[in-house]
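Below you'll find the structure, written out as structure tokens, and then a few comments.
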Amino acid sequence: MTDTDHHKKKPSRMTSVTMRLFQIFIVLCLFTGFLDLSYSGASLLKKWIDERETSPTVAAIPGSLQDVLTVRPLPSHYTPGMGYSLNEFTSPDVNIDTRGMRSNGTEPPAHPRATAYLFGASQPFGYALRDSQTMASHLERALGDVTVKNYSAPGQRVPTNILRWQEVIQWSGVPDFAIFTDAGLTVMNDCILGEERKHERRSSIIQYIYETLKKEKKTYYCEDSHTLDQSINHAVYEIQSMVNYARSQNTPFMIVMLPNTFISSTNTSNLPNTPESDRQDKIMRPAIARYLERLKSLNYPELVDLSHSLPTDQPYFLDRHGHMSGKGNQIVAEAIAAAIHERSW
């Protein structure tokens with residue numbers, strides 16, 4: 001043993017603690033890195049599984065609140081100006097062609113006198129419903145001699161519907177008439193949905209844990225009169241723009257205001273009440289009422305207000321975002337068919 005070995009200084013307590021903390025830090029970095037990789041992998045696996053649509057496992061009366069599909073994300077692609085458009089998809093209950101048109105689940109009329117295009121968001125698309133229970137499917141049956149092509153898609157707001165119309169006529173031609181639908185999606189998006197989606201976006205497992213523990217109160221942007229006015233002005237301007245563009249196309253059209261859960265007379269007895277849902281109702285019920293009043297004041301003959309068309313004897317909504325059951329779609333579709341017959345289209 002050398003003199004150097006005898007005189008080598010032992011590490012100080014501070015140095016030992018620092019080294020130990022550094023080692024713990026390295027282990028934590030490796031562990032959280034592994035979690036992030038696992039989180040991403042699990043998310044991709046879940047998405048892959050979710051894209052395989054399955055039929056309901058429990059038999060239910062067709063069109064009832066129980067006759068629903070497991071909600072799964074559908075394959076899509078990004079289109080500039082339009083956001084995400086649906087890809088071709090085939091399953092026993094949900095079928096979408098290469099142009100993003102959803103099937104009606106039945107054979108079209110053998111000798112149709114006209115063809116109609118239906119545009120809108122997740123309501124007319126048929127969120128959580130099989131092809132045969134969508135609004136378009138019920139409308140085609142109610143009309144009897146009109147082919148109804150469903151070019152609706154989840155999240156497809158009014159401006160996107162205009163772009164979608166421009167796109168569709170390039171390959172399918174001009175329809176005999178067009179039906180655009182709205183349930184106040186722009187107002188809902190401005191006031192509550194945008195905030196909900198912001199809280200759903202998480203980049204890592206650590207962010208997920210942090211946001212879960214933090215429990216930060218959501219900020220809804222229509223709780224004061226100024227932001228509410230701005231949201232309503234925004235939504236009304238979109239409708240005005242749609243009417244001006246649609247009139248320039250020289251094709252008969254109507255804009256149907258659909259029912260939603262924020263209509264005061266709506267039966268939502270099947271939906272759970274929470275402090276958050278009560279807060280949303282307090283914001284959105286007067287907001288939607290004011291929006292409909294503003295639209296009525298425009299005196300557009302193309303506007304058809306069916307927001308109060310559902311009976312109050314029973315619930316017809318699957319959730320608080322306004323997605324209707326097959327029976328609810330049938331009732332609304334029959335009211336749309338009546339409005340079409342009144343116009344002799």
Side-chain angles (χ1 to χ4, degrees), residues 38-79 82-106 118-138 149-157 160 164 181 183 185 188-189 192-194 196-205 208 212 258 260-261 270-272 315-329:
S38 302
Y39 182 72
S40 301
S43 297
L44 290 173
L45 178 62
K46 181 179 183 298
K47 182 180 179 182
W48 183 84
I49 294 172
D50 285 348
E51 288 178 354
R52 274 64 184 170
E53 184 73 51
T54 57
S55 303
T57 56
V58 179
I61 299 173
S64 67
L65 291 171
Q66 293 73 39
D67 183 28
V68 295
L69 301 172
T70 302
V71 179
R72 304 181 185 279
L74 295 168
S76 61
H77 63 278
Y78 181 78
T79 304
M82 291 181 59
Y84 288 93
S85 302
L86 295 174
N87 294 341
E88 183 178 14
F89 182 79
T90 302
S91 77
D93 299 297
V94 177
N95 294 276
I96 301 166
D97 72 7
T98 55
R99 303 294 191 182
M101 184 187 79
R102 183 165 183 184
S103 169
N104 289 336
T106 55
L118 176 66
F119 299 94
S122 51
Q123 272 189 324
F125 171 77
Y127 174 89
L129 301 177
R130 65 185 76 247
D131 294 334
S132 61
Q133 293 300 325
T134 65
M135 193 178 297
S137 183
H138 283 293
K149 296 188 175 183
N150 189 359
Y151 289 109
S152 306
Q156 190 167 282
R157 289 166 46 192
T160 310
R164 186 76 168 125
T181 62
L185 181 57
M188 285 190 278
N189 189 72
I192 61 173
L193 295 183
E196 286 191 350
R197 295 189 186 105
K198 185 182 78 174
H199 279 256
E200 290 171 1
R201 290 192 288 269
R202 306 181 184 99
S203 61
S204 68
I205 188 66
Y208 172 80
T212 301
L258 298 173
N260 64 65
T261 56
N270 62 311
L271 304 178
Y316 294 95
F317 288 100
L318 306 177
D319 54 40
R320 292 194 173 276
H321 291 319
H323 300 116
M324 291 182 289
S325 65
K327 181 61 177 177
N329 280 331

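All residue numbers refer to positions in the sequence shown, counting from 1. Nothing here was measured: the structure is a model prediction, and the numbers come from that model.
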[X] side chain to [Y] main-chain N or O, any donor-acceptor pair under 3.5 Å?
X	Y	answer
Ser325	Leu65	no
Asn260	Gly322	no
Asn95	Asp131	no
Asn150	Ser137	no
His138	Gly326	yes
Arg102	Phe125	yes
Gln156	Phe119	no

From [X] atom [atom1] to [Y] atom [atom2], the distance as rounded to the nearest 0.5 Å:
X	Y	atom1	atom2	answer
Leu271	His321	CG	NE2	11.0 Å
Met324	Asn329	CE	CG	4.5 Å
Met188	Arg157	CE	CZ	11.0 Å
Met135	Leu258	CE	CG	4.5 Å
Met101	Leu118	CE	CG	11.5 Å
Thr261	Leu318	OG1	CG	11.0 Å

Point to revise | Minimal non-hydrogen separation, Thr181 against Ala121, with atom names | key: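 Residues Thr181 and Ala121, closest heavy atoms: OG1-N, 4.4 Å.
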Check your understanding: Closest approach of Glu88 and Pro75, non-hydrogen atoms and distance?
Key -> O-CG, 4.1 Å
Point to revise | Under the side chain to side chain contact (heavy atoms under 4.5 Å, CB included) test, residues paired with Met82 that sit two or more places apart | key: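 Only Thr79, Ser85, Thr160, Leu163, Arg164, Glu167 meet the side chain to side chain contact (heavy atoms under 4.5 Å, CB included) criterion with Met82.
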Exercise for review: Give the ring-plane orientation class for His323 versus Tyr127, where under 30° counts as parallel, over 60° as perpendicular and anything between as tilted.
Suggested key: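 Ring orientation of His323 relative to Tyr127: parallel.
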Check your understanding: Is Asp67 salt-bridged to Lys327, going by a charged N under 4.0 Å from an acidic O?
Key ->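 Judged by the 4.0 Å cut-off on N to carboxylate O distance, Asp67 and Lys327 do not form a salt bridge.
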